[in-house]
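Below you'll find the structure, written out as structure tokens, and then a few comments.
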Amino acid sequence: MFDDFSSSFIIQHYNYWMVIVLMMVGLYIVVSRGNLVKKIVGLNLFQTAVFMLYISVGKIIGGTAPILTGNPDEVYSNPLPHVLILTAIVVGVATTALGLALIVRINERYGTIEEDEIADIEQEIDRQESA
Amino acid sequence: MDMSPSFAISLAVLLPLIGTVLIGMSDRRPNQREAVSILTSIALFYVVAGFLPDVMSGARPSATWFEVLPSLSLAFEIEPLGMLFALVASGLWIVTALYCIGYMRGNKESHQTRFYMCFALAISAAIGIAFAANMFTLFIFYEVLTISTYPLVAHKQNEAAKSGARTYLGILIGTSIGFQLIAIIWTWILAGTLDFKLGGILAGKIDPTILPVLLGLYAFGIGKAALMPFHRWLPAAMVAPTPVSALLHAVAVVKAGVFTMLKVGVYIFGIDLLAVTQASDWLMWLAAASILIASTIALTKDNLKARLAYSTVSQLSYITLGMALATSLGVMGGAMHIAMHAMGKITLFMCAGAIYVATHKTEISDMDGLGRIMPFTFGAFLIGALSIIGLPPLGGAWSKWYLMLGAADAGHQIMIVVFMVSSLLNVAYLLPIVARAFFVPAPRFASAGAAAVPVRGGIQEAPILCVLPPVITAIGCLLLFFYAGEIYSLIYPVAFPDPSSAAVQSLAP
Amino acid sequence: MNAKTDTSLPAIARLLGRLDGRMLFWLLVLAGVLLALSDFAYHRHEIFDFEAVPLFYAGFAAASVLVLVLAGGIFRALFKRGENFYAPFSTDSEPPLKAQERDHA
Amino acid sequence: MPDIFPPALIFIAAAIVLPVLPKGNLRALFLLAVPLVAAHEIWQLSEGVTHTYELLGYSLTLMRVDQLSIVFGLIFSFAAFLALLYAWHVKDTVQQVTTLLYAGSAIGAVFAGDFVTLFIFWEGTAVASVFLIWARGTEGAYYTGMRYLIIQIASGVILVAGMALHYHETGSLAFGALTLGSLGTWAILIAFGIKAAFPLLHTWLPDAYPAATPTGTVVLSIFTTKLAIYSLARSFAGTEILIYIGTVMVFWPLIYAAAENDLRRVLAYALNNQLGFMVIAVGIGTPLALNGVAAHAVAHILYKSLLFMAMGAVLYRTGTAKASGLGGLYRSMPITALLCIVGGLAMSTPLFAGFVSKSLILSSVAKAYEPLIWAALLFGSAGIFYVAGVRLPYLAFFGEDKFAGAPERPKEAPWNMLLAMGLTAASCFALGLMPATFMSFLPYDVAYDAYTPDHILTQLQVLSFTAIAFFALWRFGLIKRPAPGILVDSDWLNRRLALAIVKLGAYISRNMWGLMSRTATRRLDAFLASIYRAHGPQGPLARSWPAGSMVLWIAVLLGFTLILSFSQSL
């Protein structure tokens, strides 16, 4: 059933497929796991998938890193996605740090990092307040 | 008086403002304060009346303050309807200024300086409305009038006054922003101008099928006209001291409303446009319903001021109805009714105030037998009531006559029936007050523990300054019958535009 | 007490007292009979045929009264209500006017 | 004749001056002088239009003088004089002023040459007259006055509506002959009809007249209805429908008059019946008939005033005018009794004015060859004599002496009342004695002799047999002194039925309104509460959600947005 076109379509775009799979894995973890640290892990996976997507977009076959070499025939990869993703990596690190810091605070406050347990405690507090 | 018209107009609008400042400066000196108030009112009337010969001879004095946007400016122009309204408002201000003194002192009210200041401010706004040359100017002064009267309504500062004033402000501001402003902007977009022009500015610029919608935005947006179902503010505002009810809710505020209604009908839409498209038919029915329902409610009210308030709601719809008939005679009747009703209703309110000052009675059922004690007050009340009912030889007869002719012209015979029934309802809710006061003996209430009439023999009227003004306006009602011709010729060019004039020519498709 | 002879009453009252008795009735009957008989003696210029019927007017008048009395009786039977029927909205239910009220009025 | 001051304005000016005069004889003399001066003025009027004035571009006629208006003007002035003489003793300024205004308005309306002027005075009669009822000063009189006033003003507003429609149609406001047909003319006819007490529009009359003061009723009985008759004669002469309306008016009130207890109400019904005579004659509309209308109006004003005066005197002296409380009064009020009998006779006995005028009307109907109408009128003549000429004096003054045991006998009427009654009786007599002079006043120049042997014989037969029948039936017990109680007329329709309907309507609308506003408030409250439930501090939308579900939902939302934007770009 793999005819010429479709097989080449799938194979030639393998990096995108990998990105999609990786992204969905991350998303799934964020949605399904109650543990906040695991959520952060999922988030990072998701993030990485986005990075790889952009970097793949910027890759030109046969191109070198976008550093001037003096050779007028040299082919470079697109520098813009790389720059963007460089920034995003930094932001991603910061986000992860902030998230982890919040998790530490939550752990101190509620004694747990399981999301459903936190929600239960929250509701209990609300009920007591309104009563 | 030799003044340029533009200066004179500015003076007319600013005079009450100057008065406001002077009143504010004489806070601690009541005599001076009231002298200022009366002098300002007389000066204002003098200035306003100075325009009359010019306007009657066809001139249209105008003044422009500044331009906000190209072809949108704060400008004034005096045309017959505005002349009439300004004369009514400024003329009755003199009487009311006198009456205020009697009432406020007789009742020992507090915060009198604030009261007089707001009062003058409101008159300034009323004059601004009367002389406005475009809908934009009118709208600004319309809002000024609303806001400046708010402290007057809330004057007593108790719970009832505050809640009444809240209703007052809520409905008036709400309708004017919610409907009127939209209508004005819409008009601006359609016509590209907001100037009042005889014959209207909308002809040919709007799809006739949505004309009723625009008219509806105006009709309900002009909340001061108290068209049902946006009439609640008027009875709510009756918590105000009686002079406020008298001038503002019988003359300035409500008349500003119906005046705006007439202006919109005559100068924005043009009665020909309304007549051709029949866009105002629904408004006519609503006004008719408003007349009858409000009269019926008035019948059930025992509180004198509440009864008068509902009577006002009903009478205002006469004017709206006159406009909605979209005939020349209807406009004539409506315009006349502004003056006739103002004179009659202010008499009634001032009498109600005089009764309150003298006896502290507010309920009609407590007033049995009072007529023998206060014959002048109740005599004036009788004359005012007869004028409102529309009996000759009192002014109210003419406006009703022209409204009926207008209805006949428009082919709406059923509206004649509405006027007839309304007259009878007027009899039923106004005359019992007088009849009971004069002819039903009082004692059975004195024994019932209610505030008994002081049973000394002879006449015990309110202070002279409370009794004289209603007597004057009652005589005014009588005079209006014989001098209605003057109003007729004043309004004539508006109601019956010369078919060859440029304004009417421009209407032709 | 006979009003005809009560000298404490004014003369007119005594005269009227006589009318109050049987005499008036019989006087009337006498006059009526004479008038009725004149129908046979005097020929009127009638416009309608039925005017010529002897005793037409006399009979018509008496019949009218009878009809009226009967109709009045029927109406009274059907439509009579107490004086307080419309109270307090009518003067019927009010007590007689007192002397000072009458003077004031 | 510009030097003549309009008689209506004489009355009105006098009414304005009157309150400043000191109470007492001076004022009473002044009052008496006013109608005499006015009558003198009217006497001097010559036919034509005088006193036109401009009002709002209408050219109006204050004084349109012709023989018809002169007759009515004269009798109104003279009757006002008699009524004021009768009320000499009254000290109440309100009654005095309103009597003058009322008479002035009526006379003004009579001379009005256009509908606007007529309307002004028409409403003047309505407003001025009601004070004569209210002056009684009781709760019942107040309500009666209100009812009376509303009906009278209804007549006025119907008139003005008719005027407006008529003016719209024809452009004319002239108060002249109209042809029934358009809506406007029908409205005018109904307006006149209310004041003329047409059947079903008549209830104000028996309602109001017995409720006024003793003197007020005399004044009331003079003007309003006769003004309406005048207006009908002016505008609707020869309108056929009036013949049938008049015929009903002859019958219906008569039956009530025959059964009523309150003697002033008996007179009010009798008055209504006599209006029927005039309405029929207006409907016939020939010159002879219109002469009959004018003559009968004059005669009727006089003898009906006389009867009302007599009953007023009885009320004044005894405090009641109800047959159930009267009887045998001739002992103490013999002169009044005698004058009352004269009043009864004046209605149709030869030598009195009523005989002349009734003969005119009967002849005109006979000439028009309307046998049924003629018979109805004959019935009316006999009936009116029965109710007002025999039954009424008998119930009031004869029979059982109701005052035998009373601590104090009622006194004879005061001198001024007696004098007024005497003068009225004398005028009836004078007009009856001088038919030629009487005729010369009437609007049309038609030769007519009332005193033919036919008429005299006919009338005497009718009268004597009416009286015989009464006494005979009284002996047989078929006619009795009525027991206390009132008769319900068609006023039940408005006083009970309409009131009940209005009350029901008010009840329904009040409850509907309450229900509607309650429902609306409840809906609004519920709506606000649901918003609060969702968004309030405890609301699910305000609670912190687990991050997982948040992400899920965001993903769903994003997906949805994607699909939307793609589907749009496709």
Side-chain angles (χ1 to χ4, degrees), chain C residues 1 3 6 9-10 12-13 15-17 19-20 24-25 28-29 31-32 35-36 38-39 42 44-45 47-48 50 57-62 64-73 75-76 79-83 85-94 96-99 101-105, chain D residues 90 92 135-141 143-144 210-211 213-216 254-256 258-259 262 315-316 318-320 325 330-331 334-335 337-338 366 371 374 378-379 382-383 386 397-398 453-454 457-458 460-462 464-471 473 478-479 482 484-488 495:
Chain C
M1 183 168 61
D6 186 352
L9 291 177
I12 308 176
L15 178 72
L16 289 171
L19 285 183
D20 199 8
L24 175 70
F25 179 65
L28 270 172
V29 169
L35 285 164
S38 70
D39 257 12
Y42 175 79
R44 65 178 86 232
H45 312 283
I47 295 174
F48 303 112
F50 47 75
Y57 283 100
F60 192 91
S64 296
V65 173
L66 191 62
V67 167
L68 210 50
V69 168
L70 290 177
F75 268 52
R76 226 176 146 67
F79 299 130
K80 182 174 160 288
R81 297 289 182 276
E83 288 185 327
F85 184 62
Y86 288 126
F89 301 110
S90 80
T91 48
D92 297 301
S93 52
E94 289 171 354
L97 285 178
K98 292 185 195 69
E101 282 172 353
R102 281 176 257 146
D103 270 335
H104 170 74
Chain D
V90 172
D92 182 16
R136 182 159 172 169
T138 63
E139 193 83 20
Y143 284 113
T144 312
T213 61
T215 53
L254 210 47
I255 299 172
Y256 274 94
D262 187 332
L315 174 64
Y316 182 71
T318 67
T320 183
Y330 73 87
R331 291 175 178 79
I335 306 176
L338 201 63
W374 182 85
L378 197 62
F379 173 80
Y386 158 61
F397 296 105
F398 298 97
D454 278 17
L457 187 61
T458 304
L460 285 177
Q461 281 182 349
V462 168
S464 58
F465 274 88
T466 303
I468 291 168
F470 167 77
F471 284 113
L473 290 173
L478 267 169
I479 304 174
I486 58 165
L487 286 182
V488 175
R495 292 172 75 175

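Here is the naming used below: chain letters follow the sequence lines, and residue numbers restart at 1 for every chain.
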Give, as side chain, backbone, both or neither, the part of [X] having an atom under 4.5 angstrom from any heavy atom of chain C.
{"X": "D:Tyr256", "value": "side chain"}
{"X": "D:Leu473", "value": "side chain"}
{"X": "D:Phe398", "value": "both"}
{"X": "D:Asp454", "value": "both"}

Roughly how far apart are [X] [atom1] and [Y] [atom2], rounded to 0.5 Å?
{"X": "D:Asp262", "Y": "C:Asp92", "atom1": "CG", "atom2": "CG", "answer": "6.0 Å"}
{"X": "C:Phe60", "Y": "D:Leu378", "atom1": "CZ", "atom2": "CG", "answer": "4.5 Å"}
{"X": "C:Tyr57", "Y": "D:Thr466", "atom1": "OH", "atom2": "OG1", "answer": "13.0 Å"}
{"X": "C:Leu16", "Y": "D:Leu338", "atom1": "CG", "atom2": "CG", "answer": "5.5 Å"}

Does NZ or CZ of D:Arg495 come closer than 6.0 Å to the centre of the six-membered ring of C:Phe89, within 45° of the ring's axis?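 Not satisfied by the 6.0 Å and 45° rule.
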Looking at residues at least two apart in the chain, or sitting in another chain, which of them share a salt bridge (charged side-chain N to carboxylate O under 4.0 Å, His left out) with C:Glu83?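 So C:Glu83 forms a salt bridge (charged side-chain N to carboxylate O under 4.0 Å, His left out) with D:Lys322.
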**Message:** Is any side-chain heavy atom of D:Tyr386 closer than 4.5 Å to one of C:Val69?
**Reply:**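 Yes. Closest side-chain heavy atoms under 4.5 Å.
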- So do the side chains of D:Val488 and C:Phe85 get within less than 4.5 Å of each other, counting heavy atoms only? yes
| field | Residue pair C:Ala62 / D:Ala469: nearest heavy atoms and the distance that separates them | value |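 Here C:Ala62 and D:Ala469 meet closest at CA-CB, 4.1 Å.
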When every non-hydrogen atom of C:Gly32 is compared with those of D:Ile468, the smallest separation belongs to CA-CD1, 3.9 Å
Item to complete: Evaluate the criterion side chain to side chain contact (heavy atoms under 4.5 Å, CB included) for residue pair C:Leu28 and D:Phe471; output intermediate values, then yes/no.
Response: CA-CA 9 Å; C:Leu28 270 172; D:Phe471 284 113; 3.5 Å; yes
Measure from the side-chain N and O atoms of C:Glu94 to the backbone N and O of D:Gly140, and report whether any donor-acceptor pair falls under 3.5 Å.
yes
Max heavy-atom pairs within cutoff under 4.5 Å with chain D, candidates C:Gly59, C:Ser38, C:Ala87, C:Gly73, goes to C:Ser38
Contacts of D:Phe465 meeting ring pair (Phe, Tyr, Trp, His ring centres under 6.0 Å) (sequence neighbours excluded), chain-then-number -> none
ask   = Is chain D contacted by the side chain of C:Leu15, its backbone, both, or neither, given a heavy-atom distance below 4.5 Å?
value =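 Contact with chain D is absent: no heavy atom of C:Leu15 under 4.5 Å.
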